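Numbered from 1 within each chain, the chains take letters A, B, ... in sequence-line order. This structure is a prediction, so every number in the text was calculated from the model and none was measured.
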Amino acid sequence: MTDKIRIHALRYNPADPKSVPHQQTYELEQTEGMTLFIALSEIREKLDPSLQFDFVCRAGICGSCAMVINGRPGLACRTLTKSTGPDITLAPLPFFELIGDLSVDTGKWMRGMSERLQTWVHNNGLDLDLGRIEEPMDPELAEKIYELDRCIECGCCVAACGTARMREDFVGAVGLNKIARFRLDPRDKRTDGDYYELVGDDAGVFGCMSLLACHDVCPKDLPLQQQIAFVRRKMVAIAFK
Amino acid sequence: MKIVYTDVLVIGGGLAGLRLAIGARRRGHEAIILSLVPAKRSHSKAAQGGMQASLGNVIKGQGDNEDVHFEDTVRGSDWGADQDVVRMFVNTAPKAVRELAAWGVPWSRVRKGDRFVVINGQQVKITERDEAHGLVAQRDFGGTKKWRTCYAADGTGHAMINAVADRAIAESIPVHERKEALALIHDGGRCYGAVVRDLATGELSAYVAKATAIATGGAGRLYQVTTNAVICEGIGHAIALETGVATLGNMEAVQFHPTPIFPAGILLTEGCRGDGGLLKDVDLHRFMPDYEPEKKELASRDVVSRRMEEHIRKGKGVKSRFGEHLWLDITLLGEKHIHTNLREVWDICHYFLGLDPTKEVVPVRPAQHYTMGGVRTTYTGESPTLKGLFSAGEAACWDMHGFNRLGGNSVAETVVAGMIVGEFIADFCDKPGNDASIPTGLVRELVAREEAKLTALVLGGGKEDASAIKARMQEIMTAKVGIFRTGKDLEEAVDELQKLLARSRSIGLRSSSPGANPELVTAYRVQKMLKLALCVAYGALTRTESRGAHYREDFPRRNDAEWLKRTLATWKEGETLPTLHYEALDVKRMELPPGWRGYGAKDYTDHPDTAARQAEVDGVKAKTPDRFARQAALLPYEHLLPEPLRGRNERIEERFPGPPPPQSPEVDKESVFAWESE
């Protein structure tokens with residue numbers, strides 16, 4: 001197979017005063033089973049060692065390589081070049097702080113979101129005796145919590161979000177999904193009143209305009225539409241209490 | 001120059017680093033974690049199938065306990081492990097699972113009553129006990145006598161690091177992301193922190209700490225084909241080696257996993273085979289029973305990987321444009337099972353191979369997977385030669401894996417070592433004599449030295465290409481320091497790697513853009529990686545026996561008489577080879593003296609002390625029926641554990657006396673299942 005593909009990547013290095021944002025095109029041979037991970041690595045090794053991007057697991061499980069691929073946020077590592085057509089336009093995720101080229105700082109934003117929503121089990125200082133048998137949990141409930149726990153914090157949902165475009169302090173689908181996840185978990189002793197303090201406003205669940213691009217782009221197919229609707233309904237119930 | 005001061009500097013934001021930082025923090029010490037990436041993206045995340053802990057909740061785990069886990073682990077290690085450390089580990093693993101359960105890990109749970117499972121290719125009905133309902137479930141894994149691997153579907157590492165990283169946030173532990181330690185700050189006897197580069201801005205700074213811990217994971221990227229994440233380049237190992245004081249243990253012990261997808265090398269969990277999946281050849285014949293009648297697909301990983309390569313050599317591989325492979329068949333597990341318990345496997349097959357594993361067989365071939373070797377430590381996790389330097393997890397040679405690690409024992413090691421070493425680090429920091437008193441002038445000098453090295457790479461006018469050198473190193477390692485090793489191949493590998501190391505000293509860069517500069521990163525890392533590659537290749541050349549994952553075709557027998565010892569490597573600056581020395585393992589203290597593993601080769605050369613120790617062990621066993629008394633008579637270890645982690649583990653069969661602990665109060669969450677009906 002000797003197909004050529006052309007990758008048009010947005011280039012900008014904020015650390016370099018001479019750098020101006022522009023698009024740069026790289027042409028390379030498409031190989032069997034080529035992913036954007038393979039293609040971008042090849043560009044860096046052979047064509048342009050300065051191109052910045054982030055890959056870690058290259059297996060679709062860590063969320064590092066989210067970028068805008070032909071106009072749509074997605075994971076670069078598991079995007080096969082044969083699925084995109086020969087011209088592939090790549091841009092960094094919007095909304096997040098740009099590090100350079102295709103690399104953005106989702107980590108800092110996610111940490112801030114976690115601190116704000118306190119995304120951990122609150123069990124009121126339960127004193128654990130680690131030698132004793134663990135508390136039982138309904139097997140089906142454990143599966144449901146795992147389902148919502150599959151979020152990889154890649155940032156696609158926020159990058160695709162209409163509300164986030166207008167308000168920087170919006171917690172995004174990633175944040176609302178976490179509230180849904182902890183709300184489901186009986187080990188977390190917070191009540192709906194507590195969750196209301198965290199997301200019961202326009203920076204939280206009431207900021208969502210139900211455009212639901214988050215749901216469409218989520219690489220893990222999380223049930224975001226259903227979860228946001230559910231959290232909103234519960235928060236409305238608290239608001240009217 | 002910026003100097004950051006803290007009590008504990010943790011290098012590496014994966015499970016081991018996070019957990020030991022939490023331990024130190026809870027004892028009142030400030031901890032800072034440095035991480036190449038946001039903590040939740042660490043390679044711990046990629047652990048799929050689960051973590052071993054002898055809870056014995058499922059019916060197929062009934063009768064499991066620390067003793068069985070201990071024996072499986074030591075056999076798996078081919079007697080290379082430190083048995084004191086294995087004992088500490090197996091006793092703490094159940095506590096780790098229970099702690100994580102309380103922190104929110106959605107462990108898969110036991111459902112009471114009948115269910116159908118696949119064992120040895122057959123549908124078998126098993127019945128789970130009523131009293132086990134809702135407790136943490138276990139699945140089967142290779143090299144284990146009982147079903148012991150606790151799991152959250154096949155995203156166990158993901159679920160664990162979510163909970164532990166969020167716990168670290170709850171405890172206000174800062175994670176300095178996109179920071180890389182380039183060198184340790186030390187004076188030849190005491191470690192004081194590290195010189196650190198910011199991967200986003202390119203700036204250097206110094207972190208000065210009482211205790212420094214390396215928890216940077218493995219070094220899989222020394223190889224061309226590996227399951228490891230692209231960040232697993234062994235830089236933590238390398239900066240320890242470059243001190244010239246700290247030692248690396250058993251670097252030649254490298255594990256190859258049987259079932260990464262071919263050719264990309266992305267891992268499919270051992271849970272595929274644990275849950276009943278089969279390995280098949282070009283004729284769709286299930287070949288493992290021909291080689292390993294006892295354990296079949298579920299022998300230890302070193303054995304299964306070798307048998308697969310052996311079968312390909314016999315001409316039974318499937319030919320493709322990228323080379324030969326075999327098949328993994330999980331279709332017999334059924335759609336429901338795969339969509340619930342092996343969903344990452346389904347995702348990977350779907351996205352990377354374009355096939356549906358519920359209906360089709362999957363191309364697989366062994367690839368580099370795990371670095372058993374690492375920074376040599378004592379049982380406390382501290383380097384025996386460089387005070388104040390600690391290490392935990394895959395980066396360490398603690399040494400609980402010896403020459404082969406069992407599936408499910410690595411992600412278990414991360415949290416268990418984190419718990420144990422975290423306590424020892426806190427003890428270290430508690431001692432007034434252990435303050436980090438180092439003149440800032442010396443720190444400035446060390447930062448300037450690293451700065452000068454980077455400047456030489458950027459402006460030195462060298463002509464060598466960093467990416468090309470790295471690619472060649474990876475090729476050599478995969479071709480000549482792989483599953484089957486010979487003296488001739490290893491000599492050639494050592495020779496060429498030395499030449500590459502020399503060439504790497506005249507690397508020049510094509511780009512000099514300020515800021516992150518990914519080309520500079522490749523350049524300084526490959527210089528370090530070549531030293532590690534030489535530790536692996538030279539250690540393998542020198543070890544003229546076969547043990548665990550280290551297999552020499554020219555020395556196929558395990559030789560306890562000469563080689564029941566741990567390789568220790570140090571590096572003198574300016575040299576092109578490590579200096580190797582050896583640390584003997586004491587057979588006279590072993591609770592489980594060397595013997596046959598129960599799978600793999602049956603011939604080995606005994607150590608002269610083995611027979612006498614075996615007789616002694618048999619004598620104690622015969623007259624001591626109580627398993628705890630027997631264990632204490634053979635290998636007393638409990639005093640080695642930090643005080644809060646001592647004590648027995650309760651099981652369904654081994655209930656503690658008295659009433660169960662009070663359950664946490666129920667909170668009204670307005671029917672958690674409400675959304676289903678709405």
Side-chain angles (χ1 to χ4, degrees), chain A residues 13 15-16 32-33 35 44-45 49-52 55-64 78 99-100 106-108 110-111 114-115 118-121 123 126 128-139 141-143 145-146 149-150 153 183-189 191-192 226 230 234, chain B residues 37-38 40-41 45-46 95 98-99 101-104 106-111 133-136 152-153 155 158-159 162 166-167 169-170 177 200-201 229-231 266 321 340 344 347-348 351-352 467 510-511 513-516 518-519 647-650 656 661 663-664 666-667 669-670 672 675:
Chain A
N13 179 5
D16 183 353
E32 173 91 25
T35 59
R44 191 190 274 175
E45 276 163 33
S50 69
L51 182 63
Q52 293 184 54
F55 287 100
V56 178
C57 75
R58 60 80 173 92
I61 55 165
C62 80
S64 301
R78 68 178 203 193
I99 291 174
T106 46
K108 190 168 41 175
M110 292 294 167
R111 169 96 184 199
S114 277
E115 286 172 351
Q118 304 186 7
T119 59
W120 54 86
V121 161
N123 54 14
L126 176 74
L128 272 183
D129 180 349
L130 296 179
R132 303 303 298 254
I133 286 183
E134 64 276 12
E135 269 192 45
M137 176 184 272
D138 182 86
L141 176 60
E143 278 169 22
I145 295 170
Y146 176 72
D149 207 46
R150 291 178 76 235
E153 300 186 7
R183 203 186 164 281
L184 193 57
D185 193 331
R187 295 168 292 199
D188 189 4
K189 303 304 175 196
T191 62
D192 276 347
Q226 174 200 43
F230 181 66
K234 291 301 165 194
Chain B
V37 297
K40 283 178 195 163
R41 293 177 185 168
K45 182 129 190 167
K95 297 179 172 66
R98 287 165 176 165
E99 177 177 85
W103 289 3
W107 296 113
S108 296
R109 303 285 174 149
V110 182
R111 196 177 271 113
H133 186 76
L135 299 180
V136 175
H158 166 92
N162 270 359
D166 282 341
R167 192 70 241 155
I169 296 173
E177 294 172 6
T201 65
V230 298
I231 52 170
I266 296 169
R321 53 182 293 149
T340 318
E344 297 298 333
D347 265 11
I348 289 165
Y351 285 105
F352 294 92
S467 287
R510 286 176 279 167
S511 65
S513 56
E519 189 184 18
R648 295 183 184 180
N649 297 301
E650 189 177 31
F656 285 2
Q663 305 240 320
S664 59
E666 279 302 317
V667 172
K669 292 211 170 188
E670 286 186 62
V672 290
W675 54 271

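For chain A, the option among B:Ser108, B:Ala46, B:Ser513, B:Gly155 with the highest count of heavy-atom pairs below 4.5 Å is B:Gly155. Your options are B:Pro38, B:Ala170, B:Ser511, and the one with the most heavy-atom pairs under 4.5 Å with chain A is B:Ala170. When B:Ile231, B:Leu135, B:Asn649, B:Val37 are compared by the number of non-hydrogen pairs under 4.5 Å with chain A, B:Leu135 comes out ahead. Most heavy-atom pairs under 4.5 Å with chain B: of the set A:Gly100, A:Gly63, A:Ala142, this distinction falls to A:Gly63. Heavy-atom pairs under 4.5 Å with chain A peak, among B:Arg167, B:His133, B:Glu99, B:Arg111, at B:Arg111. The candidate from B:Ser467, B:Ala229, B:Pro514, B:Gly515 with the greatest count of non-hydrogen atom pairs under 4.5 Å with chain A is B:Pro514. Your options are A:Cys62, A:Ala15, A:Pro139, and the one with the most heavy-atom pairs under 4.5 Å with chain B is A:Pro139.
Heavy atoms closer than 4.5 Å to chain B are found in the side chain of A:Thr35, but not in its backbone. The part of B:Arg648 that comes within reach of chain A is its backbone (N, CA, C, O), which places non-hydrogen atoms under 4.5 angstrom from that chain. The contact between A:Asp149 and chain B is made by backbone and side chain atoms together, counting heavy-atom distances below 4.5 Å. With a threshold of 4.5 angstrom between heavy atoms, B:Glu177 approaches chain A through side-chain atoms but not through N, CA, C or O. A:Gln118 does not touch chain B: none of its heavy atoms, backbone or side chain, sits under 4.5 Å away. With a threshold of 4.5 angstrom between heavy atoms, B:Ile348 approaches chain A through side-chain atoms but not through N, CA, C or O. Within the 4.5 angstrom heavy-atom criterion, only side-chain atoms of A:Ile99, from C-beta onward, approach chain B. Proximity to chain A (any heavy atom under 4.5 Å) is shown, for B:Val136, by both the backbone and the side chain.
Using a cut-off of 4.0 Å between Lys/Arg side-chain N and Asp/Glu carboxylate O, A:Arg111 and A:Glu115 are scored as salt-bridged.
The shortest non-hydrogen separation linking B:Arg109 to A:Glu135 is NH1-O, 3.0 Å. Summarising the geometry of A:Leu141 relative to A:Met137, their closest heavy-atom pair is CD2-CG, 4.2 Å, with the distance given to 0.1 Å. When all heavy atoms of A:Ile145 and B:Pro106 are compared, the closest pair comes out as CG2-CB, 3.9 Å. Shortest non-hydrogen contact noted between A:Lys189 and A:Asn123 is CG-CA, 4.0 Å.
Of the possible polar contacts, none joining the B:Glu519 side chain to the A:Pro49 backbone as a donor-acceptor pair under 3.5 Å is found. A donor-acceptor pair under 3.5 Å is formed between the side chain of B:Glu650 and the backbone N or O of B:Phe656. A distance-only check finds no donor-acceptor pair linking the side chain of B:Arg41 to the backbone of A:Cys57 [under 3.5 Å].
A heavy-atom distance below 4.5 Å is found between the side chains of B:Lys40 and B:Lys45.
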